Engineer: 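Below is one structure. I have some questions about it.
FYI, side chains are in, hydrogens and waters are out, and symmetry mates aren't considered; it's all heavy atoms of this structure. Because the structure is predicted, anything quoted here is derived from the model rather than measured. Along the sequence shown, residues carry numbers from 1.
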Amino acid sequence: MEQEPLPSEGHAEVRIVAATPEVARRVAAVLRRCFASTEQRSYPAGHGGGTRLHLTLDTAHAAEPARSWLATSESTDQDRTHADEV
């Protein structure tokens, strides 16, 4: 399986999977209040319906409350990929 390239320094790729497009858009709107972002891209989430929404966040240009959270957060050894992630 081919891996996707990593986002550039200071950016994060976000994938939102929701039962409806409206729920995915609401989550994306909250993220855009905290970070600058690219235009969202949406796709069907599978045979059972649902929506998969992708966007790129610019973590170098964070707004409050994300700015204060980023300044105090640290990675731990417990940070790892979930079993269902590729």
Side-chain angles (χ1 to χ4, degrees):
M1 181 182 303
E2 191 174 316
Q3 287 202 358
E4 290 185 39
L6 292 175
S8 61
E9 183 71 28
H11 291 80
E13 292 289 329
V14 177
R15 309 286 192 261
I16 301 166
V17 180
T20 66
E22 179 56 31
V23 170
R25 282 192 293 269
R26 288 187 356 220
V27 171
V30 169
L31 291 171
R32 284 194 300 273
R33 283 188 208 125
C34 295
F35 299 99
S37 70
T38 62
E39 187 68 29
Q40 63 195 32
R41 294 127 7 236
S42 61
Y43 309 92
H47 299 296
T51 297
R52 189 170 42 125
L53 190 142
H54 298 185
L55 65 154
T56 303
L57 301 178
D58 181 351
T59 62
H61 295 95
E64 290 297 338
R67 184 185 335 254
S68 59
W69 177 82
L70 285 170
T72 60
S73 67
E74 293 182 22
S75 295
T76 67
D77 290 337
Q78 294 178 359
D79 291 342
R80 59 190 118 175
T81 304
H82 292 234
D84 63 341
E85 293 178 333
V86 181

Engineer: At their closest point, which heavy atom of Ala18 faces which heavy atom of Ala24, and how far apart are they?
Structural biologist: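 The answer is CB-N, 3.7 Å.
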Engineer: If I compare all heavy atoms of Pro7 with all of Ala12, which pair ends up nearest, and what's the gap?
Structural biologist: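 Answer, listing the atom of Pro7 first, then Ala12: CG-CA, 4.3 Å.
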Engineer: Is there a continuous path of hydrophobic side-chain contacts, each under 4.5 Å between heavy atoms, that joins Val23 to Ile16?
Structural biologist: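 No: no chain of side-chain contacts under 4.5 Å links Val23 to Ile16.
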Engineer: Could you walk me through whether Gln40 and Arg25 pass the side-chain hydrogen bond (donor to acceptor under 3.5 Å, both in side chains) test, one step at a time?
Structural biologist: CA-CA 9 Å; Gln40 63 195 32; Arg25 282 192 293 269; over 6 Å; no
Engineer: Would a 4.5 Å heavy-atom cut-off, applied to side chains only, mark Leu31 and Val14 as touching?
Structural biologist: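 Yes - at least one pair of side-chain heavy atoms lies under 4.5 Å apart.
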Engineer: Between atom OG of Ser42 and atom CG of Leu55, what is the distance when rounded to the nearest 0.5 Å?
Structural biologist: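 Rounded to the nearest 0.5 Å, the OG-CG separation comes out at 11.0 Å.
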Engineer: Count the heavy atoms of every other residue, nucleotide or ligand shown that sit under 6.0 Å from CD of Glu39, and state whether that count exceeds 12.
Structural biologist: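 Atom CD in Glu39 is not packed in, count stays at 12 or less.
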Engineer: What residues form a side chain to side chain donor-acceptor pair (under 3.5 Å) with Thr38, not counting sequence neighbours?
Structural biologist: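 Arg41.
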Engineer: Which value, rounded to the nearest 0.5 Å, describes the distance between Phe35 atom CZ and Thr59 atom OG1?
Structural biologist: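 Answer for the CZ-OG1 pair, Phe35 versus Thr59, is 6.5 Å.
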Engineer: side-chain contact (heavy atoms from CB on, under 4.5 Å), that's the test. Do Val17 and Thr51 meet it? Break it down for me.
Structural biologist: CA-CA 6 Å; Val17 180; Thr51 297; over 6 Å; no
Engineer: Quick one: pull up NE2 in His61 and SG in Cys34 and give me the separation to the nearest 0.5 Å.
Structural biologist: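 One gets 15.5 Å once the value is rounded to the nearest 0.5 Å.
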